[in-house]
Amino acid sequence: MLKLQNSAALGVSIITAISTPALAEEIVLDDVIVSARGTQSTLSQTPGGIGIVDKDVIKLSPNESIADALSRIPGLSKNADSAWGAGINIRGMSGPSVIVLIDGVRLNTATEINARLGFINPMDVERIEVLKGPISALYGSGSTGGVVNIITKTGHYSTETQVNGEMITKLSSNPQGVDGYLRAGVNTENYWLQGSYGGRDHKDYDGGNDKDIPNSKFEDSYFRLAGRMLLNEQWEMNFQALHLTANEIGIPGGSPAMPQSAPITYPDTSNTMVNLGATYTPASDVLEQLDFSVYYGLNERHVRISNPNAMIAKITPNADHTTIGGKVQSVLNFDDHAVVAGIEASDWHMVSDRQRYLNNGTVRYDHPTPDTHQLTVGAYVEDNFPIAEEWSANLGGRLDYVRIKNNENNGANISVEAGTRSDVSWNAHGGLTWTASKNWSHTAIAATSYRTPDILDLFKDIRLAGRPVIGNPGLDPEKSYFFEYGAHYTDGPLKLSASAYYNTITDYITAKNLDGTKDRMENVGEVRIMGVELDTQFRFTDQLTGFANLALANGEDTKNDEPLAEIAPVNGNIGAKYAMENGFWLRAEMPWAWKQDEVPSGTDRTNGWVQVNAAAGYSFDIQNTKHELSLTLDNIFDNEHRNHLANSRNVELLDPGFNAALMYRIAF
């Protein structure tokens with residue numbers, strides 16, 4: 001499958017208007033995705049916004065966070081508080097409104113300051129699939145904004161025993177540092193097994209025009225072991241264990257509750273995930289497949305805030321997020337109906353503590369949140385079926401029961417009493433695909449979904465030198481009403497997708513200032529987000545491919561009649577890649593963003609910017625090994641610009657300036 005080149009563009013019409021008769025027989029293949037429906041489906045036949053980036057795009061993107069690669073997908077923008085673990089915004093929604101999965105397992109952790117996307121080494125990722133909005137019933141509360149499914153590298157079965165491996169070394173100038181990655185495995189007829197290790201170590205980075213961004217360094221190490229085994233013709237087992245530890249992660253930006261002068265650091269934070277699964281494939285005409293899985297996750301967040309005010313020398317909030325869960329999912333066939341149905345349950349347990357070290361030697365202890373469990377049990381079904389020769393439909397629904405039990409107050413907030421809260425929420429959608437011709441398809445989807453307030457929405461108590469931000473146990477669930485139309489065209493060397501969407505969220509949850517002294521999470525009414533996206537790829541010759549995309553979004557708080565704060569400006573990128581038969585290749589691209597002046601009161605406007613990137617590489621074989629050497633140049637002209645979505649505590653948090661990265665890869 002040809003890789004998807006997700007870059008955005010001012011020149012969509014230029015590329016799509018060109019025709020090359022000599023290439024009429026060449027085909028640009030459609031992309032296959034598994035996250036949307038639980039089974040394989042092609043992008044052009046799946047209702048709803050979908051984006052994909054593969055390992056070739058990821059390895060050439062800046063290695064601080066996979067958010068840099070994801071931002072190539074139209075409608076996705078990086079919302080960085082730091083270089084490491086930068087977050088992602090999907091069509092104006094982020095944080096608890098976006099689910100992050102690693103191989104289908106949900107990553108539960110705080111989203112106040114970015115970290116989730118830092119808990120995986122980018123070099124160990126095969127591909128990332130993104131669902132833009134509540135377009136699938138497979139995922140429950142929190143998917144109103146979308147789903148990011150990070151799929152790691154795997155082995156495969158082989159009739160002959162194979163030993164394989166991969167080594168990647170990458171040196172970067174900004175942020176200065178080195179990335180290393182090793183992977184080794186064995187493939188046999190009945191099992192495969194592989195292990196991988198990665199490490200990143202980088203200094204503070206510079207913004208454009210050599211502006212130093214202090215306290216932005218990062219260092220981490222990563223290990224993963226995975227395998228799969230055929231027990232017999234019907235049963236297959238799989239397992240995976242990964243662990244990432246990060247040390248002295250600098251956060252130059254952060255929550256508005258944190259004072260500008262207080263350096264924030266993750267001195268020690270980690271992510272551990274273990275999952276075990278089994279697949280049963282019976283000799284049945286109805287039951288095609290039955291999957292079982294159980295998983296365990298532990299996310300430890302340790303924070304150090306230095307010198308927040310004249311009285312306090314240091315504050316050290318800490319939180320452990322433990323998740324235990326399991327799922328049973330079936331694939332069924334009833335005549336023309338392909339049905340995916342399942343049930344899953346998980347328990348997210350969060351415990352926290354906080355120490356304030358006063359300059360007079362006193363240490364005060366409390367808890368940012370009470371000791372809390374969030375139990376979720378959900379049942380879902382997806383049905384794909386034809387309704388006419390050129391028409392097919394997808395219907396999906398999900399029912400979730402969420403119980404949040406606050407075991408004890410623990411001094412977190414005297415207004416929070418111990419108790420239990422239960423919510424029942426549901427998601428439903430209906431999608432249509434019209435295959436108008438062998439080249440054209442049209443898709444449409446309408447969906448409604450809920451987001452139940454989570455532990456932090458209800459109980460958090462962030463009390464620093466700025467205004468305290470506290471949770472609200474009385475919050476109502478958010479409700480989303482979503483519609484999207486898409487048109488997809490594939491003809492010889494040309495692939496084009498266009499979409500338009502409309503999303504209304506009622507009982508929208510956000511922090512609201514109450515009396516000038518504190519902020520509290522509140523349901524503020526209704527917001528509306530709508531936009532248009534274009535994505536195209538054109539193969540001019542066997543060697544030259546152009547790519548482009550464009551994203552435009554508008555968001556409004558309809559109750560207060562003002563723009564939403566987390567809406568990215570109109571943005572895009574245009575570029576081309578030239579690959580020669582002898583292994584040499586070249587790539588050039590120009591990402592850009594328009595100015596954003598449609599902002600709510602109290603939010604800074606940002607200027608537009610244009611950036612020029614280029615890369616070149618050479619791939620060659622030596623005996624039975626494959627080698628690749630590449631040089632990537634990002635922000636060649638060292639332009640100074642700020643990401644509009646960077647939440648920087650009034651610090652001018654710039655995107656990185658010029659960076660040169662040299663990568664060498666060997667595989668066998």
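Everything numeric here is computed off the predicted structure, so don't read it as measured data.
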Does [X] reach the main-chain N or O of [Y] with its side chain, forming a donor-acceptor pair under 3.5 Å?
| X | Y | value |
| --- | --- | --- |
| T269 | Y266 | no |
| D454 | T452 | no |
| E382 | A137 | yes |
| K170 | K59 | yes |
| S216 | S82 | no |
| Q329 | A341 | no |
| E484 | G49 | yes |
| S346 | G325 | no |
| R421 | K405 | no |
| S284 | P282 | no |

Hydrogens and angles aside, do [X] and [Y] bring a side-chain donor and acceptor to less than 3.5 Å of each other?
| X | Y | answer |
| --- | --- | --- |
| D179 | H202 | yes |
| D103 | T152 | yes |
| D320 | H349 | no |
| N187 | Y157 | no |
| Y450 | S141 | no |
| N79 | E566 | no |
| E219 | N247 | no |
| S35 | N149 | yes |
| T323 | N108 | yes |
| S41 | T46 | yes |

Quick one, [X] and [Y] - any side-chain contact, counting heavy atoms below 4.5 Å?
| X | Y | answer |
| --- | --- | --- |
| S221 | T245 | yes |
| F668 | N624 | no |
| E248 | R304 | yes |
| L43 | S497 | yes |
| V303 | I251 | no |
| L298 | Y296 | yes |
| T316 | H302 | no |
| I52 | V130 | no |

Nearest 0.5 Å please: distance from the [atom1] atom of [X] over to the [atom2] atom of [Y].
| X | Y | atom1 | atom2 | value |
| --- | --- | --- | --- | --- |
| R451 | I509 | CZ | CD1 | 4.5 Å |
| E233 | E236 | CD | CD | 13.0 Å |
| L456 | S352 | CG | OG | 9.0 Å |
| L117 | L70 | CG | CG | 6.5 Å |
| L242 | S196 | CG | OG | 8.5 Å |
| H429 | N394 | NE2 | CG | 3.5 Å |

Considering all heavy atoms, the nearest [X]-[Y] contact:
| X | Y | value |
| --- | --- | --- |
| A345 | Y295 | O-OH, 4.3 Å |
| S630 | L60 | OG-CD2, 3.7 Å |
| S619 | E628 | OG-CG, 3.7 Å |
| L276 | N238 | CD1-O, 3.4 Å |
| M350 | H321 | SD-CE1, 3.4 Å |
| D634 | P62 | OD2-CG, 3.8 Å |

Exceeds 12 heavy-atom contacts within 6.0 angstrom, atom [atom1] of [X]:
| X | atom1 | result |
| --- | --- | --- |
| D621 | CG | yes |
| R403 | CZ | no |
| Y191 | OH | no |

Exercise for the section: Please assess W192 against H156 for the test side chain to side chain donor-acceptor pair (under 3.5 Å), listing each intermediate value before the final yes or no. Expected result: CA-CA 6 Å; W192 61 260; H156 61 272; over 6 Å; no

Practice task
Anything under 30° is parallel, anything over 60° is perpendicular, the rest tilted; go ahead and classify W84 against F119.
Solution key: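 Rings of W84 and F119: perpendicular, as their planes differ by over 60°.
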
Exercise for the section: Determine the interplanar angle of the H627 and Y664 rings, folded into 0 to 90°, and report it as parallel if under 30°, tilted if 30 to 60°, perpendicular if over 60°. Expected result: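 Correct class here is tilted.
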
Practice task
Quick one: which residue pairs count as a salt bridge (charged side-chain N to carboxylate O under 4.0 Å, His left out) with a foot in residues 144-161, not counting sequence neighbours?
Solution key: K153-E166

Problem - Test side chain to side chain donor-acceptor pair (under 3.5 Å) applied to S449 and N427, step by step - result: CA-CA 4 Å; S449 65; N427 298 358; 4.8 Å; no

Practice task
Show your reasoning for whether salt bridge (Lys or Arg N to Asp or Glu O under 4.0 Å) applies to D268 and R301.
Solution key: CA-CA 7 Å; D268 177 23; R301 300 280 293 267; over 6 Å; no

Exercise for the section: Test R127 against D54 for salt bridge (Lys or Arg N to Asp or Glu O under 4.0 Å), laying out the working first. Expected result: CA-CA 4 Å; R127 60 194 268 120; D54 68 9; over 6 Å; no

Practice task
Check the pair D353, H367 against side chain to side chain donor-acceptor pair (under 3.5 Å), reporting the backbone distance first and the verdict last.
Solution key: CA-CA 4 Å; D353 61 77; H367 299 263; 5.9 Å; no

Exercise for the section: Report the C-alpha distance between R91 and F482 in whole Å, list the side-chain angles of each, state the deciding distance to 0.1 Å, and finish with yes or no for side chain to side chain contact (heavy atoms under 4.5 Å, CB included). Expected result: CA-CA 12 Å; R91 293 176 170 175; F482 177 85; 3.7 Å; yes

Exercise for the section: Would you mind checking if D31 and K495 are paired as a salt bridge, meaning a charged N to carboxylate O distance below 4.0 Å? Expected result: yes

Practice task
May I ask you to decide whether R224 forms a salt bridge with D124, counting only side-chain N to carboxylate O separations under 4.0 Å?
Solution key: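 Here R224 pairs with D124 in a salt bridge, since their nearest N and O are under 4.0 Å apart.
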
Completion exercise
Of S97, P477, P96, the one forming a side chain to side chain contact (heavy atoms under 4.5 Å, CB included) with T144 is S97

Fill in the blank from the handout: Residues pairing under side chain to side chain donor-acceptor pair (under 3.5 Å) where one sits in residues 270-282, two or more places apart or in two chains, turn out to be H243-T272, S270-E300, T279-D291

